[in-house]
Asker: 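Structure incoming, see below.
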Amino acid sequence: SFDWNDGLFDVTWSENNENMLVTCSGDGSLQIWDMAKTKDPLQVYKEHTLEAYSVDWSQTRGEQLVVSGSWDQTAKLWDPAVGKSLCTFKGHEGVIYSTIWSPHIPGCFASASGDQTLRIWDVKTPGVKLVIPAHQAEVLSCDWCKYDENLLVTGAVDCSLKGWDLRNIRQPVFVLLGHTYAIRRVKFSPFHATLLASCSYDFTVRFWDFSKPNPLLETVEHHTEFTCGLDLSLHNRGQV
């Protein structure tokens, strides 16, 4: 276990070193840790001016980049081999809760914000590529479909999950209802194109198949408090 002197809000594994991971913290900093080495972080990046709430390591083989999102309304791009951020992305008008790399398109990431939008960015251009007015509430989470480079899902304080096709953002592709409090995290399955999982302040984890007429597959009520995060195993298709 690693200790830091402030709350840690998110963590991402390195895609090129199985012993390396990156965390982000309430003091606005990112920490790079190496399980094979020391108790202290290899590197600390302190550039965000408010809580760093989201961190993700790029999924495509072409680059080794980290993106972070902060309550300071900016996203920042990092190369773990470089001592400072490569670029800062501005445009959100609220807290950024989630920043997620596309698993398909190199240099492309999505961000979800308290300004009620989902935004798509390209690291090669400083401005926002696409702004999707996703919900009439704060958007706390987003994820990319692993089987369709144009499909994303958002989860929001309005208790709904919405699917978005980047080629036509006027209407959501699907809307999933059932949670009774804000949705904190949503993830697409790595094994099934239409399967996703969500967790919420209603204490539940829910599994959905948006291709079915009754999309809610299962509601898991094991937790007795806010369910703030979840992920699906890449190795065992039944494990969350």
Side-chain angles (χ1 to χ4, degrees), residues 9-10 12 24 28 47-56 58-59 65-78 85 87-105 107-146 148-177 179 181-188 196-201 208 210 228-229:
F9 287 126
D10 202 9
T12 183
C24 65
E47 288 187 28
H48 285 297
T49 56
L50 291 171
E51 284 85 345
Y53 208 67
S54 172
V55 64
D56 196 34
S58 56
Q59 300 292 307
L65 297 172
V66 170
V67 65
S68 60
S70 169
W71 289 8
D72 67 13
Q73 306 185 3
T74 70
K76 285 182 179 284
L77 182 70
W78 312 85
S85 65
C87 184
T88 300
F89 298 89
K90 297 177 179 174
H92 275 298
E93 294 165 26
V95 168
I96 296 176
Y97 289 111
S98 181
T99 46
I100 305 284
W101 288 105
S102 166
H104 310 279
I105 308 158
C108 177
F109 70 91
S111 58
S113 168
D115 67 11
Q116 309 184 353
T117 66
L118 170 71
R119 296 181 188 227
I120 310 299
W121 310 80
D122 181 342
V123 299
K124 292 180 282 300
T125 56
V128 66
K129 197 168 162 189
L130 193 60
V131 179
I132 301 168
H135 298 258
Q136 289 182 308
E138 289 196 295
V139 188
L140 302 186
S141 185
C142 62
D143 197 28
W144 297 80
C145 179
K146 309 303 183 277
D148 181 345
E149 67 177 33
N150 290 300
L151 184 62
L152 292 97
V153 63
T154 51
V157 171
D158 63 9
C159 309
S160 73
L161 296 162
K162 293 186 181 182
W164 301 97
D165 186 324
L166 298 183
R167 295 161 299 190
N168 179 7
I169 61 170
R170 287 195 299 277
Q171 291 290 323
V173 188
F174 59 81
V175 179
L176 304 175
L177 302 172
H179 280 294
Y181 282 96
I183 294 162
R184 180 63 188 271
R185 186 64 62 99
V186 58
K187 287 283 181 183
F188 270 105
L196 43 94
S198 59
C199 66
S200 162
Y201 287 142
W208 314 81
F210 68 81
C228 292

Asker: Mind checking whether Phe188 and Trp144 have ring centres under 6.0 Å apart?
Answerer: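 No, too far apart.
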Asker: Quick one, Trp208 and Leu161 - any side-chain contact, counting heavy atoms below 4.5 Å?
Answerer: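 Result yes, sub-4.5 Å side-chain heavy-atom pair found.
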Asker: Which pair of heavy atoms, one from Cys24 and one from Ala52, lies closest together, and at what distance?
Answerer: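 Shortest heavy-atom contact: SG-O, 3.2 Å.
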Asker: Hey, could you give me the SG/CZ distance between Cys199 and Arg185, rounded to the nearest 0.5 Å?
Answerer: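 Result: 7.0 Å between the selected atoms.
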Asker: Any side-chain heavy atom of Tyr201 within less than 4.5 Å of one from Val157?
Answerer: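 With C-beta onward as the side chain, the pair stays apart.
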Asker: Would you compute the distance between atom OH of Tyr97 and atom OG of Ser54 and round it to the nearest 0.5 angstrom?
Answerer: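 Interatomic distance, Tyr97 OH to Ser54 OG, rounded to 0.5 Å: 12.5 Å.
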Asker: Under 30°, 30 to 60°, or over 60°: which ring-plane class applies to Phe9 and Trp71, parallel, tilted or perpendicular?
Answerer: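 Plane angle under 30°, so parallel.
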Asker: Check the pair Thr88 / Thr74 against side chain to side chain donor-acceptor pair (under 3.5 Å), numbers first and verdict last.
Answerer: CA-CA 7 Å; Thr88 300; Thr74 70; 5.7 Å; no
Asker: Is it true that a side-chain atom of Ser98 and a backbone atom of Ala112 form a donor plus acceptor pair closer than 3.5 Å?
Answerer: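 Side chain of Ser98 to backbone of Ala112, a donor-acceptor pair under 3.5 Å: no, none is there.
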Asker: Check whether any side-chain heavy atom of Phe174 sits under 4.5 Å from a side-chain heavy atom of Leu196, and report yes or no.
Answerer: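 With C-beta onward as the side chain, the pair touches.
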Asker: So which atom in Trp164 and which in Pro172 form the shortest heavy-atom distance, rounded to 0.1 Å?
Answerer: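 Shortest heavy-atom contact: CZ3-N, 3.6 Å.
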Asker: Quick check on side chain to side chain contact (heavy atoms under 4.5 Å, CB included): which of Thr154, Leu151, Val153 does Asp143 satisfy it with?
Answerer: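 Result for side chain to side chain contact (heavy atoms under 4.5 Å, CB included) with Asp143: Val153.
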Asker: Go through the steps to decide whether Leu118 and Val139 satisfy the test side chain to side chain contact (heavy atoms under 4.5 Å, CB included), and finish with yes or no.
Answerer: CA-CA 7 Å; Leu118 170 71; Val139 188; 5.6 Å; no
Asker: Which pairs pass salt bridge (charged side-chain N to carboxylate O under 4.0 Å, His left out) with one or both residues in residues 107-121, sequence neighbours excluded?
Answerer: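 Output for this query lists Asp115-Arg119.
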Asker: Can you find a pair of side-chain heavy atoms, one from Leu166 and one from Ile132, that are under 4.5 Å apart?
Answerer: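 Counting from C-beta outward, Leu166 and Ile132 do come under 4.5 Å.
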Asker: Between OG of Ser113 and CD of Glu93, what distance do you get to the nearest 0.5 Å?
Answerer: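 Interatomic distance, Ser113 OG to Glu93 CD, rounded to 0.5 Å: 8.5 Å.
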Asker: Side-chain contact test, heavy atoms from C-beta onward, threshold under 4.5 Å: evaluate it for Ile120 versus Leu152 and give yes or no.
Answerer: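 Side chain of Ile120 against side chain of Leu152, heavy atoms only: contact under 4.5 Å found.
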Asker: Let's go through Trp121 and Thr99 carefully: what are the C-alpha distance in whole Å and the side-chain angles of both, what is the deciding distance for side chain to side chain contact (heavy atoms under 4.5 Å, CB included) to 0.1 Å, and is it a yes or a no?
Answerer: CA-CA 10 Å; Trp121 310 80; Thr99 46; over 6 Å; no
Asker: Do Ile183 and Leu140 have side chains that approach each other closer than 4.5 Å (heavy atoms only, starting at C-beta)?
Answerer: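 A side-chain contact is absent here, since even the closest heavy-atom pair is not under 4.5 Å.
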Asker: Can you pull the salt bridge (charged side-chain N to carboxylate O under 4.0 Å, His left out) pairs that have at least one residue in residues 148-166, sequence neighbours excluded?
Answerer: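 Sorted pair list: Asp165-Arg167.
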Asker: Do Ser160 and Leu177 have side chains that approach each other closer than 4.5 Å (heavy atoms only, starting at C-beta)?
Answerer: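 Yes - at least one pair of side-chain heavy atoms lies under 4.5 Å apart.
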Asker: Heavy-atom distance under 4.5 Å between the side chains of Phe89 and Leu77, does that happen here?
Answerer: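 Answer yes - side chains close enough.
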Asker: Taking atom CG of Asp122 and atom CG of Leu130, what is their separation to the nearest 0.5 Å?
Answerer: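 It is 12.0 Å, given to the nearest 0.5 Å.
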Asker: Find the distance between CD1 (Ile100) and NZ (Lys187) and round it off to the nearest 0.5 Å.
Answerer: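 Separation between the atoms: 4.0 Å.
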Asker: If you compare all heavy atoms of His135 against all heavy atoms of Gly155, which two are closest, and at what distance to 0.1 Å?
Answerer: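 Closest heavy-atom pair between His135 and Gly155: NE2-N, 4.4 Å.
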Asker: Please list all pairs passing the salt bridge (charged side-chain N to carboxylate O under 4.0 Å, His left out) test where one or both residues lie in residues 65-78, with sequence neighbours left out.
Answerer: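 Listed by first then second residue: Glu47-Lys76.
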Asker: Look up atom OG in Ser200 and atom NE2 in His179, then write down how far apart they are to the nearest 0.5 Å.
Answerer: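 Taking OG in Ser200 and NE2 in His179, the distance rounds to 5.0 Å.
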